[in-house]
Amino acid sequence: MTDSFFWIEEVKTTLPSLAAAEQLAAALIENRLAACVQIIGPIKSVYRWQGVVNNDTEFSISCKTVASKLATLIDHIHSVHPYELPEILCTRWQATPAYANWVSEQVC
């Protein structure tokens with residue numbers, strides 16, 4: 001990658017229903033915490049929680065934002081998420097200047 005690329009942040013979480021995913025996506029866009037939220041699913045999640053193996057249908061969301069909005073976006077997810085311990089994964093990506101500028105414009 002060259003210096004002409006810029007960083008954007010991606011935050012992922014899973015939710016128990018399409019309605020919950022759509023509601024969170026809309027709130028993140030409305031509050032300008034994310035420029036884009038992609039909803040993926042349904043997916044199957046197999047995991048152990050409190051000693052029990054679960055096999056659930058979930059929906060995954062991927063939120064694109066900038067570093068200055070990252071903590072607020074994560075706090076918002078925590079405040080409305082229906083799970084006791086939500087999966088919240090953050091990744092920093094290099095993006096083209098045009099896309100990074102668009103992301104920045106949408107959240108500022």
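Here the structure is a predicted model, which means the values were calculated and not measured.
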Within the 4.5 Å heavy-atom criterion, are [X] and [Y] side-chain neighbours or not?
X     : Y     : answer
Thr13 : His81 : yes
Ile8  : Tyr99 : yes
Val11 : Leu70 : yes
Thr96 : Phe6  : no
Ile39 : Glu22 : yes
His78 : Pro86 : yes
Pro16 : Pro82 : yes
Ile40 : Ile61 : no

Between [X] and [Y], does any side-chain donor sit less than 3.5 Å from a side-chain acceptor?
X     : Y      : value
Glu87 : Tyr47  : no
Ser62 : Glu10  : yes
Lys64 : Gln106 : no

Any donor-acceptor pair under 3.5 Å from [X] side chain to [Y] backbone:
X     : Y      : answer
Lys69 : Val107 : yes
Ser79 : His76  : yes
Arg48 : Asn54  : no
Thr65 : Leu33  : yes

Trp93, CH2 atom: more than 12 neighbouring heavy atoms under 6.0 Å: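 Check fails, neighbour count at 12 or below.
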CD/Gln50: more than 12 non-hydrogen atoms of other groups inside 6.0 Å: yes
Between atom [atom1] of [X] and atom [atom2] of [Y], what is the distance when rounded to the nearest 0.5 Å?
X     : Y     : atom1 : atom2 : answer
Glu9  : Ile74 : CD    : CD1   : 9.0 Å
Thr91 : Trp7  : OG1   : CH2   : 11.0 Å
Lys12 : Ser60 : NZ    : OG    : 6.0 Å
Cys63 : Leu28 : SG    : CG    : 5.0 Å
Cys36 : Gln38 : SG    : CD    : 4.5 Å

At their closest point, which heavy atom of [X] faces which heavy atom of [Y], and how far apart are they?
X     : Y      : answer
Leu15 : Ala21  : CD1-CA, 3.6 Å
Val66 : Ser104 : CG1-CA, 3.9 Å
Ala34 : Ile29  : O-CD1, 3.2 Å
Pro42 : Phe59  : N-CE2, 3.5 Å

hydrophobic_cluster_shared for Leu89 and Ile43, side chain cutoff 4.5 Å: no
Same apolar cluster (I L V M F W Y, side chains within < 4.5 Å links), Tyr83/Val80: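 No, Tyr83 and Val80 fall in different hydrophobic clusters.
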